[in-house]
Amino acid sequence: MAYWLMKSEPGDVSVDDLAAMPAATVGWYGVRNYQARNFMRDQMRPGDGVLFYHSSCAEPGVAGIAEVASPPYPDPTQFEPGGRYHDPKASRELPRWFQVDVRLVHKTRLLSLAELRAHPDLQEMRLLARGNRLSITPVSAAEWRVIQRLLQEG
DNA sequence: GCCAACGTTGGC
DNA sequence: GCCAACGTTGGC
């Protein structure tokens, strides 16, 4: 059982959008970074914990608790000619990009980036590392517990 | 294989 | 809109 933080732009898929989807589940399409892909393809397992994070918005931060809801499978958007995520070098036989399904467990209060940064026990979070741009980052079990507690305290 | 140029991310 | 940081591309 591992834990992850996954960034989504609320203008694209917000926590409320996710809640409204069938079974509150979305295929995590569109990742085009090899490190992030490898996390999904090689390390994620159904049941892994996910912090659903809003990025590129007015109030960046954790907005929900989710979980990995499928094994990895090819991202269908790589095969869509003309689409934003089309990859001409990918084929059905040799897909390049993978995704997992992510299911919302519950929405949370917004745990802001500023609050994460300020917390002494979260200084080592990969999300907060200088220059981090990865859209998917591992979260340690200790960090996960601290964040669960912060969310329960309100 | 080096590395400059370019594009993207994402907080502010 | 700015810009720091980083990944990718492509000429050599």
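Using a 4.0 Å cutoff on non-hydrogen atoms, no part of residues 122-129 of chain A comes near DNA chain B.
Between Glu153(A) and Arg109(A) there is no salt bridge, since none of the side-chain N atoms of the basic residue sits less than 4.0 Å from a carboxylate O of the acidic one. Ion pairing between Asp75(A) and Arg32(A) holds under the 4.0 Å rule for side-chain N and carboxylate O.
With ring centers used as reference points, Tyr34(A) lies under 6.0 Å from Trp97(A).
Classification of the Phe39(A)-Trp4(A) ring pair by plane angle, with boundaries at 30° and 60°, yields tilted.
Distance Glu59(A) CD to dC12(B) P: 12 Å, rounded to the nearest Å. In this structure, His54(A) places its NE2 atom 14 Å from P of dG10(B), rounding to the nearest Å.
In plain terms, the two heavy atoms of Leu104(A) and Ile65(A) that are nearest each other are CD1-O, 3.4 Å.
A donor and an acceptor atom, one from each side chain of Asp16(A) and Ser14(A), are nowhere located under 3.5 Å apart.
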Nucleotide N/O to protein N/O under 3.5 Å, stretch nucleotides 6-9 of chain C:
unit_1: dC6(C); atom_1: OP1; unit_2: Arg130(A); atom_2: O; d: 3.4
unit_1: dC6(C); atom_1: O2; unit_2: Arg133(A); atom_2: NH1; d: 2.8
unit_1: dC6(C); atom_1: O2; unit_2: Arg133(A); atom_2: NH2; d: 2.6
unit_1: dG7(C); atom_1: O4'; unit_2: Arg133(A); atom_2: NH2; d: 3.2

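With hydrogens and angles ignored, the 3.5 Å screen pairs no side-chain donor or acceptor of Thr108(A) with any backbone N or O of Leu151(A).
For Gln148(A), the CD atom counts as densely surrounded, since its 6.0 Å shell holds more than 12 non-hydrogen atoms of other residues, nucleotides or ligands.
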